[in-house]
Protein chains: 4
Amino acid sequence: MDSGLRVSILGGGSAYTPGLIEGFIRQKNRIPVDRLTLMDIDAGKLRTVGALVTAMVSDAMPEAQVVLTEDRGEAIRNADFILCQIRVGGLAARHLDESIPMSMGLIGQETTGAGGFAMALRTIPVMVEIAKEIQETNPSAWLINYTNPTGLVAEAIKRAASIRHIAICDEPMILQEALAAFVGTQPEKLFLDYFGLNHLGFARKVFYHGSDVLPALRQKLQVMPKEQIEGVFGEETLKDPKARMELTNTLRIFSETGLLPSPYLQYYYYTGEILKHQQEVGKTRAYEVMEIEKELLLEYARVAAGGKRLEKSRGGRWHADMMIGLLAAIANDSREVFIVNVPNRGSLPELPYEKIIEVPAIVDSAGARPLAMGNMPLKVKGLIQSVAAYEELTVQAALSGSRSKALDALACHPLVGSRDTAWQLLDAYLDAHERYLPQFKR
Amino acid sequence: MDSGLRVSILGGGSAYTPGLIEGFIRQKNRIPVDRLTLMDIDAGKLRTVGALVTAMVSDAMPEAQVVLTEDRGEAIRNADFILCQIRVGGLAARHLDESIPMSMGLIGQETTGAGGFAMALRTIPVMVEIAKEIQETNPSAWLINYTNPTGLVAEAIKRAASIRHIAICDEPMILQEALAAFVGTQPEKLFLDYFGLNHLGFARKVFYHGSDVLPALRQKLQVMPKEQIEGVFGEETLKDPKARMELTNTLRIFSETGLLPSPYLQYYYYTGEILKHQQEVGKTRAYEVMEIEKELLLEYARVAAGGKRLEKSRGGRWHADMMIGLLAAIANDSREVFIVNVPNRGSLPELPYEKIIEVPAIVDSAGARPLAMGNMPLKVKGLIQSVAAYEELTVQAALSGSRSKALDALACHPLVGSRDTAWQLLDAYLDAHERYLPQFKR
Amino acid sequence: MDSGLRVSILGGGSAYTPGLIEGFIRQKNRIPVDRLTLMDIDAGKLRTVGALVTAMVSDAMPEAQVVLTEDRGEAIRNADFILCQIRVGGLAARHLDESIPMSMGLIGQETTGAGGFAMALRTIPVMVEIAKEIQETNPSAWLINYTNPTGLVAEAIKRAASIRHIAICDEPMILQEALAAFVGTQPEKLFLDYFGLNHLGFARKVFYHGSDVLPALRQKLQVMPKEQIEGVFGEETLKDPKARMELTNTLRIFSETGLLPSPYLQYYYYTGEILKHQQEVGKTRAYEVMEIEKELLLEYARVAAGGKRLEKSRGGRWHADMMIGLLAAIANDSREVFIVNVPNRGSLPELPYEKIIEVPAIVDSAGARPLAMGNMPLKVKGLIQSVAAYEELTVQAALSGSRSKALDALACHPLVGSRDTAWQLLDAYLDAHERYLPQFKR
Amino acid sequence: MDSGLRVSILGGGSAYTPGLIEGFIRQKNRIPVDRLTLMDIDAGKLRTVGALVTAMVSDAMPEAQVVLTEDRGEAIRNADFILCQIRVGGLAARHLDESIPMSMGLIGQETTGAGGFAMALRTIPVMVEIAKEIQETNPSAWLINYTNPTGLVAEAIKRAASIRHIAICDEPMILQEALAAFVGTQPEKLFLDYFGLNHLGFARKVFYHGSDVLPALRQKLQVMPKEQIEGVFGEETLKDPKARMELTNTLRIFSETGLLPSPYLQYYYYTGEILKHQQEVGKTRAYEVMEIEKELLLEYARVAAGGKRLEKSRGGRWHADMMIGLLAAIANDSREVFIVNVPNRGSLPELPYEKIIEVPAIVDSAGARPLAMGNMPLKVKGLIQSVAAYEELTVQAALSGSRSKALDALACHPLVGSRDTAWQLLDAYLDAHERYLPQFKR
């Protein structure tokens, strides 16, 4: 790189932004930044988060200019990399995404559950608009998207625009970090033989110095005291019943199948138990996050006003490190392996050739090229194929505004199941989110 | 054919046998029979049904000899065609297959529901034994199997033995008959562009004189009064709430998707409603069938003892006609189209090459050769791929006696869903059916 | 059928027409004809052949009206079936197709050899025009095409128009007739497990009463005296050195590989020998055919003028019978098996899904539906895949007029081989056929 | 790595060995060697080359022990890496491989030409024996094979043994070096979108800083003076008519197709010209190499005897660098991209799933994992599929000793073409190489 990069963050007012900026600061030698544009449609959050970010950057990375803007076009035009972390309809819409299925006895999760469907319908039109704007006004820029539901959004962008684009999710990286902790090494020393779709992936083997460490790890975890296991994930996990349940379920799946799953797999495998838990909790995750965000914004404001160092933020090291590592691999043409969401092209021969999948890929200045991951184990193949079909239908529905496709999509969803429920749910969603779903207006 | 055929019926004591014999009598010119062997391990039923069959045959087809035997080897050795309609564990086992999932809030259907899993574990070892005996003692004979779960049994036989074998189910034929009634023609005038697995198939198009009649039928059914529709299926349907529900659900699926489904699809698409219905009924289908059979055997005994003509039997014309039509196509080398269960070989490219599928095939003396049916509609592809994976795992479990495979299989089943439930169900089944599952003995 | 059919023959002035008409007369009960339109752009041939046909029909099938026309539109509009047997550029162009490669030491055959490439370039634009005219003016008509190169023409029509269309070739039927003669049965009693492309197909198994007769036939032919073998094909074969060579080569391939090939396979397998033979003969097949045609037209004129019965014609029973059998299967919705050229759709999984292939298909009023023929034997798979790629490129070149695609296509042709030769050949062809290749005009 | 590696070279007496050792010396910091075993069955060459190597190593890498042995078992047992560069039958056999087809007017090249077939029949049994010995006596060792025909040998080893194995060829590396020279960068800065089989591969795109440089290079080469182009390849190329022809042909293919081919492609694309050239040269390449080797061994002896530095050797930097780079990537678990020969697993979906292919792969301590390279351009797909079938048949023939498979294989070879020639060639080869082909003994 001749000079520093220009990075724009769409949805820059998010509570995740400061954590990400910390990452840029940590890695400023590897990937120097010249201009950092935060763009958000929520002027209030942009102001609060922007003030903190401006302070952080002027302190630790003074050569970089921070720009705050509500003008998406400006953010898009002045960037080498456009990071995208928007939330169409905000947490209020997420609350509906989650609570509507919950009220019908269904999993109300925002990506894997039926909530992901509603989120896709709302998010895809906006993301396609963004992609088209990039194509027209700044075609050489890279869009790095982690707006959820990531896989579906990537599928839609691929169909609607022709831009330089990688979709990522920090889940596989978190898995890799946790594995490294158990093995006692650095994450980058491991290679995950990982395959699937976003939030529906599995590590089949994990190589460390050429050997698969999963069989030994499986045995070890079966006898290790629960507290010790949780300890690896830090005190926070020990205190959070949701995190503990997720961990327990994930390890049960690993123990029974020998495949290390994305934590989202629990929604498919322990549906009943999770429904029960959600009913006990009695409030949506959106609601919890609203409370967390409120506190965080106060904290951000405190620090921006000159208070002592930031005591909490969202996203954490992992999220920032994966994101910035990916940027660096592209910017520096360094050909590194990342688990990303990319078009299949034969990597998983049992899924359609053009489907967006989540697998290890080589990333360099030319983008991401998937490794050939081969056939999938029979015990998870059907689920993955099934969700792949749901995803394709949902993208078609979101792009076309066809109610019939939307119904077909929901009826395909393994966590919805029945067409009756699908009808009910679709009606409720179209009603609740009407203003965000112009494509479905009759 | 130079001379008449020798036909053996394994499970010949079944209440379905007289209906089948009526078919042979109806079609004796097309396919003359020399020897008819009924074999059953239930001496009582064999005696009752055998007496009736002997009377029927001596009256209408005197050139044919009727043999009753409890010796399977004899029945296998002396046959050109071996029809197989056994029920391992009888209706008592079926009652358990159905009631155990019902008690856990799951669909207790004997093929599509979890019951089909238990039935497969019990039935596959016996059917494989039969197939191997045919291979050794009468390799030129044809095994025509309609013992349920047909697709899974065929999958197991294909792996374990090398015999001449076709697996059939009368469902598609019933569909074709019903369609013909609506169109106002003979069933054989229609061609069903049909694809899927046994009890999980769809007609995508139905050709009559070269045109697809489904779009017009769909419109017509949407306005036709319900009673008139039911009328096509006869008075019996009108009186049977289960049949009416099945019909209603099937037509809803057709109306919404444009695909005409096997009636078993309702279990996937209207799960909640059916569960509710089953709880209201409060007894298993096995229990109902026991009562029906009891009456039928009395009726059979009455007629065999010289009473006037048979007033009821099971299976009906359709079942017998498909079966005997198939036999005739093989025996007469007449190259006709039947929807049967055969190895895929590319007919449905999105399913494994060796998988047993249910599609139209050309049947002649060389057996059944599937037509190339092409890619499946996205809206049902995922479900079919998912159940295909479940079936492969179940067959592996049934052949190997591996609990871990059995668990993986159940956990893949779209109507089971969660691994917790899968564990519970597996334990309950292995316990309840212990004497029929030697392969799982530790 | 309510009334007789209207059949139009494009290229009706061909010497093959009277043989075809004889077929219609032979089968008039199975497939009654009301109107028979012969269309040709060669007024002289149309007059001669038309006079004979008019005489034949008025004699044997007086209810049918014969129409002679030079107006293609008229022939297309007034037809239920449009048979197409045109030859763009006539035999003069064929002479160039064959002689140009011959002069470069290459096989000069009109379909399998490089000649087929030139023929495709000339024929495809005209056939696409015809297909589009059918689509616009008579979309419910069936186009039955046997204009060579049949497979390539079908490929082009499929891409360019959406009409009811089957492409056929009498080769597989001739094979089936010959086999029936050896087995001592009727052709329709056999089922050929046949796969490949037009003029590049193989029978892997041939079933008669459920058993494969090829192994025994192979042994028999290895010991049978050559004369006796040739005798099966009639005196004509015995007298024709070209036919004898073809037969010998075909049987050698069968003997060595166990696969019964289309006779055109000799061009790939005995290239050197055939080149030598062609050089000895010293004239093109086109030239020979010109002489044959001249004599035939004299003979036709003689008979039309009231002379005694026709003593020779072209095409023979086989050709007519396959053609009319196919028409009858469509018209009568009789669902029979024919080996035809149709889109793959998974029938041969190792070829592209949309490729036109030659396999057994069920033919009825809805058209032709291929059987799933499965994977190909390794020993011929590569050749077939290779020619399939050549065909796709040739069609692309013919439709687009791209010299670069044309060169790529020729360079892929197994009988051309080198790019240098391909260049030379392409230049020579584009030059020689300039008036027929407007799409390549710079 | 805790300590240095133990490296054994089978065929260590080869004239290529000193060049390889130079590589080890150059890269001793990256990959330290403890023990270097040269094994050869030719005691004379082992002595000469061994003396030189011993001198080189004691001078530049004194910590490494050099062992010379004729005992293959010893070399296999005492190694972490077994490099294999044997030549079964030596150059005398190669001379026959090349001259026999030449005498029949066919390309006599030792891998791509018919010679590769004979070489495979001789080499595969020995290589399988070696692989089995590794499996039994030193299963954790890596076999790095570049014994030709590399792809076929890899295919055979994969079927016959289960060892850690990568097959490589320096061709793609040479291509990459040449490209780097034209672009003006280091080879490792480029990423080749490369696909195919060994000696039958193409670069479709070549990425440098994220952009494909091929289009510009293609234009540049079309106007660059020939001498200047040749200059990039050094004086040697300018002096060697064979090398100049190869370069010219390779650039012609690139210019016409836009695909940058392996230089071996010229044998398929300019067959006639090369045959002519070979006839003019009048001696086989084997013969030329014999002369080169004779000189080299004298030179090696001179230097070993204390003479001044080596003035010539074989293989050059490229060969050694690729080899040692690959070893280092495995030993250091460094996850780098190399173009190697590995099982397909979906990387090229149009070739069989288990076929050995040549594509970019990630190499680390777990071996080589191919990237998903996707569908191939139509213009080369057929040739590659065709040769893939030939390769599979040849491996089956070499393993089984079946004459019929051998004939099928040769008849599939695009450079043999006719079955007659195939018979003749097979007979000649089986005769000439009888002592090396025990598997074909009747």
Side-chain angles (χ1 to χ4, degrees), chain B residues 1-2 80 140-142 164 185-186 188-195 204-213 329-338 342-355 357 359-376, chain C residues 1-2 80 140-142 164 185-186 188-195 204-213 329-338 342-355 357 359-376:
Chain B
M1 280 179 299
D2 299 336
D80 301 306
S140 68
W142 278 94
R164 306 171 94 180
T185 187
Q186 302 303 309
E188 58 271 25
K189 297 283 185 195
L190 302 179
F191 176 84
L192 273 63
D193 176 347
Y194 182 97
F195 62 90
R204 176 169 32 194
K205 290 184 179 179
V206 172
F207 289 99
Y208 177 54
H209 284 318
S211 300
D212 178 13
V213 297
I330 298 173
N332 301 334
D333 199 19
S334 60
R335 234 178 284 157
E336 289 169 61
V337 172
F338 286 86
V342 283
N344 185 0
R345 295 170 54 93
S347 171
L348 298 176
E350 295 154 325
L351 292 179
Y353 188 77
E354 294 293 345
K355 182 80 194 71
I357 59 170
V359 287
I362 289 289
V363 177
D364 63 15
S365 296
R369 188 180 294 274
L371 276 69
M373 302 310 293
N375 291 335
M376 299 181 283
Chain C
M1 279 181 298
D2 299 336
D80 302 306
S140 68
W142 278 95
R164 306 172 95 182
T185 187
Q186 301 303 310
E188 58 271 23
K189 297 283 185 197
L190 301 179
F191 177 84
L192 273 63
D193 176 347
Y194 183 97
F195 62 91
R204 175 168 33 192
K205 290 184 178 179
V206 173
F207 289 99
Y208 177 55
H209 284 317
S211 300
D212 177 14
V213 297
I330 297 174
N332 301 334
D333 200 20
S334 61
R335 234 178 284 157
E336 289 168 61
V337 172
F338 286 85
V342 283
N344 185 359
R345 296 169 52 93
S347 172
L348 297 176
E350 294 153 326
L351 292 178
Y353 187 77
E354 295 293 344
K355 182 81 193 70
I357 58 169
V359 287
I362 289 289
V363 177
D364 63 17
S365 296
R369 189 179 294 274
L371 275 68
M373 301 311 292
N375 291 335
M376 298 182 283

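First the proteins, then the strands, lettered A, B, ... as listed; each starts at 1. Every heavy atom of this structure was used, including side-chain atoms; hydrogens, water molecules and symmetry mates were not. Bear in mind that the values here come from a model prediction, so they are computed numbers and not experimental data.
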Shortest non-hydrogen contact between B/P349 and C/G346, atoms and distance:
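So the minimum-distance heavy-atom pair works out to CG-CA, 4.1 Å.
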What are the two closest non-hydrogen atoms of C/H209 and B/S365, and how far apart are they?
C-CB, 3.5 Å
Please classify the contact of C/E336 with chain B as side chain, backbone, both or neither, using a heavy-atom distance under 4.5 Å.
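Contact with chain B involves no heavy atom of C/E336 at all.
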Residue part contacting chain B, namely of C/K189, when any heavy atom lies under 4.5 Å
backbone
Only pairs under 3.5 Å count here: list side-chain donor-acceptor contacts from residues 366-375 of chain B, not counting sequence neighbours, and write none if there are none.
none

Using the test salt bridge (charged side-chain N to carboxylate O under 4.0 Å, His left out), find all partners of C/E354 that sit at least two apart in sequence or belong to another chain.
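Only C/K158 meet the salt bridge (charged side-chain N to carboxylate O under 4.0 Å, His left out) criterion with C/E354.
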Among the listed options C/V359, C/L348, C/D333, the residue most often paired with chain B at heavy-atom distances under 4.5 Å
C/D333
Using a 4.5 Å cut-off on heavy atoms from C-beta on, say whether the side chain of B/D364 contacts that of C/F191.
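Of all side-chain heavy-atom pairs linking B/D364 with C/F191, at least one is under 4.5 Å.
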